[in-house]
Each structure stands twice: as structure tokens, then as C-alpha cells.
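Taking it in order: structure first as C-alpha cells, then the write-up.
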Amino acid sequence: MGFAEQRFNVNLSILFTELPLLERPAAAAAAGFSAVELWWPWVDSPTPERSELDALKRAIEDAGVRLTGLNFYAGQLPGPDRGALSVPGAESERFRANIDVAAGFARSLGCTALNALYGNRVDGVDPAEQDALALENLTLAARAADRIGAVLLIEALNEPESPRYPLVSAPAAVEVVDRVNEATGLGNARFLMDLYHLSMNGEDLPSVIERYAARTGHVQIADNPGRGAPGTGTLPLADLLDRLRKAGYDGWVGLEYKAGDRPSGDAFGWLPVEQRAAR
């Protein structure tokens, strides 16, 4: 099967970033894709002006693409931050202020997956205190996601690039998924399986797939080393996605890789045009 049987979307926060935000949905459509995802686009504001939200909504609708995934506010991303929800004080409050804004924006576009990045450890703060705060905020986020018929995604990052982030393995992220589902009783918290991050952590990817495919709400890919397009590194991504399909995962596969020194539109040669639009 390889890549032919997958449903791909393009992450517009890492690809097409050479263009202004409002031009990226149309660029993805011009490259042949019909679905996109985004990190929270307003890194300085969890509650942007309605005009900004409306402008992005129009850009997505006018491009004829579907928004299939959206991050909650996560601080400076890309940048030093790795989420806000476990960070006491102003950042946690920003996350809470963002919950209904992000969920409302997602609902307006039929987006049914919301990703909540956990946040870095903070010097001088007891990790148990951060974890308790995280559970409170993730519970609020899960309930907001449930109100719009969405899943809440919880992602493992990689330790070399995110050494202060506590969820740097599949089991660690899935443990948080379980805690949130137990706290809410909703069952809508799911694992975000990013094969690049897990490979950077040295995890046994076939084993991760076998153990956690049924609890996975979204998959993201990039090759390793380099976080480039499939074929630029050594990860057997086609085989791994085949394993996911055989294990029952039939959701979206987010293209969250770097285009390198070329325009993003030239970074999809590994995927025939006829396989880019969702089927």
C-alpha cells in the first residue's frame, strides 16, 4: 500500500511558512491538497480579534480546503515554548482563555481534532504541582472539545529537541490520555502519534504502533534525521503507515516536516499529485 492508501493533510505552521498566513491555505490547495492543520497561529495572543479569526476562516473556506486539526494556544511555537497548560501563572491563564476561542474557531470550520501541548517543566516548581494543573486544564479542554464533537489530542515530543518537556515517550503521553479520560468520563482524549518525535526518542516504532494504534487520534510524520520530507532520511515511513492501517488506524496523517531550502510547493515530490487530495 505505501502512501497510496493514506489521508494526508498539510501542516501550515511548518510548511508554506514562506508565505503570509492567509495565503497558505490556497498554496496547499494549489499543491493538490484538500486538508490542512495548524498550530495556534497567533503566538502572542490566545484571544485574537474577531476580525483575525474571520480572515483566516475565509482564507480556508475560499481555498476549498478542510481544517482537520488545530492546536490550542501553546506559547511561542516555534520557539522556546512547548505548551502552556502546565505552566503556573499567566501562561496557564492564557491557555484557559484560549479554550473556548480555539474550540469555537474549530467548530466554525468543522474541525474535530484539537491538540493540547503539555508545556515545559519550570525551575522551582514541583512537577507534581504542574501535573495537577495540567490535569485541570486538560479536563477543561476535553470538555470543550466534546461540546463540538472533537477529540483532544495529547502529544509526545522528543527529548533531544525538547529536554524540559515531560512527555517524551509514547507511554508517558498515553498515561496522560488515560488520566484525562478517567477524570472526564468522556473518552475523547486520544494519543497524537508523531513518528518523527518518537523516532528521535529511539522508540521501537512497530511496537508503539501495535500497542497504541487503537488509542491514536492523529498521526504526524517527518523523516529522520533532519525532519524533512519522506525519503530525505532513513525512517521507513511507508511501511510504518502500512502497519498503522493494518492495526486499524484510518485517520489523518499530518505532514509536519521542513521543506528545507526550497519552496514548500517543491517539497512533495515523494507523493504523486493524485494521492494528495483526501479520498
Side-chain angles (χ1 to χ4, degrees), residues 7-15 35-43 46 56 60 66-79 81-87 91-92 94-107 109-120 134-135 137-158 161-162 165-168 170 172-177 179-181 184 186 188-198 212 215-222 249 251-257:
R7 291 195 298 158
F8 292 107
N9 64 26
V10 177
N11 189 304
L12 297 182
S13 298
I14 194 168
L15 285 159
V36 299
E37 64 182 27
L38 281 163
W39 303 340
W40 185 248
W42 299 279
V43 297
L56 181 56
I60 291 169
R66 177 182 171 190
L67 181 68
T68 57
L70 177 68
N71 282 21
F72 287 107
Y73 169 79
Q76 296 290 325
L77 187 71
D81 300 329
R82 295 293 186 271
L85 63 90
S86 70
V87 180
E91 280 300 272
S92 173
R94 282 173 170 246
F95 177 83
R96 291 192 185 197
N98 174 250
I99 289 174
D100 286 339
V101 177
F105 184 74
R107 179 180 55 203
L109 286 162
C111 173
T112 56
L114 291 163
N115 184 24
L117 285 174
Y118 200 84
N120 290 328
L135 184 57
N137 284 334
L138 286 168
T139 296
L140 293 172
R143 289 175 176 154
D146 181 68
R147 288 194 292 271
I148 68 166
V151 297
L152 174 72
L153 299 172
I154 296 169
E155 181 176 8
L157 301 184
N158 75 77
E161 295 174 332
S162 303
Y165 190 82
L167 308 184
V168 288
V174 172
E175 182 180 353
V176 175
V177 168
R179 285 198 208 120
V180 175
N181 284 334
T184 66
L186 297 171
N188 70 328
R190 307 296 295 276
F191 176 42
L192 194 166
M193 185 186 293
D194 186 309
L195 296 176
Y196 167 74
H197 287 309
L198 300 178
Y212 299 124
R215 301 163 78 181
T216 296
H218 186 44
V219 171
Q220 292 174 332
I221 64 169
Y249 179 78
W252 295 97
V253 176
L255 304 181
E256 197 184 60
Y257 60 78

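Residues: numbered from 1 along the sequence shown. These numbers were taken from a predicted model, which means no experiment stands behind them.
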Roughly how far, to the nearest 0.5 Å, is the [atom2] atom of [Y] from the [atom1] atom of [X]?
X: F191; Y: T216; atom1: CZ; atom2: OG1; result: 5.5 Å
X: L152; Y: T184; atom1: CG; atom2: OG1; result: 9.0 Å
X: L12; Y: I60; atom1: CG; atom2: CD1; result: 7.5 Å
X: E91; Y: N137; atom1: CD; atom2: CG; result: 11.5 Å
X: L117; Y: L85; atom1: CG; atom2: CG; result: 8.0 Å
X: L138; Y: I154; atom1: CG; atom2: CD1; result: 5.0 Å

Closest non-hydrogen atom pair, [X] against [Y]:
X: L153; Y: A113; value: CD1-CB, 3.9 Å
X: Y165; Y: L157; value: CE2-CG, 3.6 Å
X: L70; Y: F105; value: CD2-CD2, 3.9 Å
X: Q76; Y: D81; value: N-OD2, 2.6 Å
X: A156; Y: L198; value: CB-CD2, 4.1 Å
X: R190; Y: R215; value: NE-O, 3.5 Å

Can you tell if the side chain of [X] reaches within under 4.5 Å of the side chain of [Y], non-hydrogen atoms only?
X: W39; Y: N115; result: no
X: M193; Y: Y212; result: yes
X: Y257; Y: I14; result: no
X: N158; Y: D194; result: no
X: Y196; Y: E161; result: yes
X: L135; Y: V180; result: yes
X: P46; Y: V101; result: no
X: I221; Y: L255; result: yes

Polar side-chain atom of [X] near backbone of [Y] as donor-acceptor pair, under 3.5 Å:
X: H218; Y: W252; value: yes
X: S86; Y: Y118; value: yes
X: N9; Y: A35; value: no
X: N188; Y: A142; value: yes
X: N181; Y: A189; value: yes

In terms of heavy-atom contacts, does CZ of R107 have more than 12 from other residues, nucleotides or ligands at under 6.0 Å?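 12 or below, so no.
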Enumerate the side chain to side chain donor-acceptor pair (under 3.5 Å) contacts for residues 141-153, please, sequence neighbours excluded, ordered by first and then second residue.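 Non-adjacent pairs meeting side chain to side chain donor-acceptor pair (under 3.5 Å): D100-R147.
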Would a line drawn from the ring center of F72 to the ring center of F95 be shorter than 6.0 Å? yes
Under the ring-ring contact (aromatic ring centres under 6.0 Å, His included) test, which residues partner F8, sequence neighbours left out?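 Per chain and number, F8 pairs via ring-ring contact (aromatic ring centres under 6.0 Å, His included) with W270.
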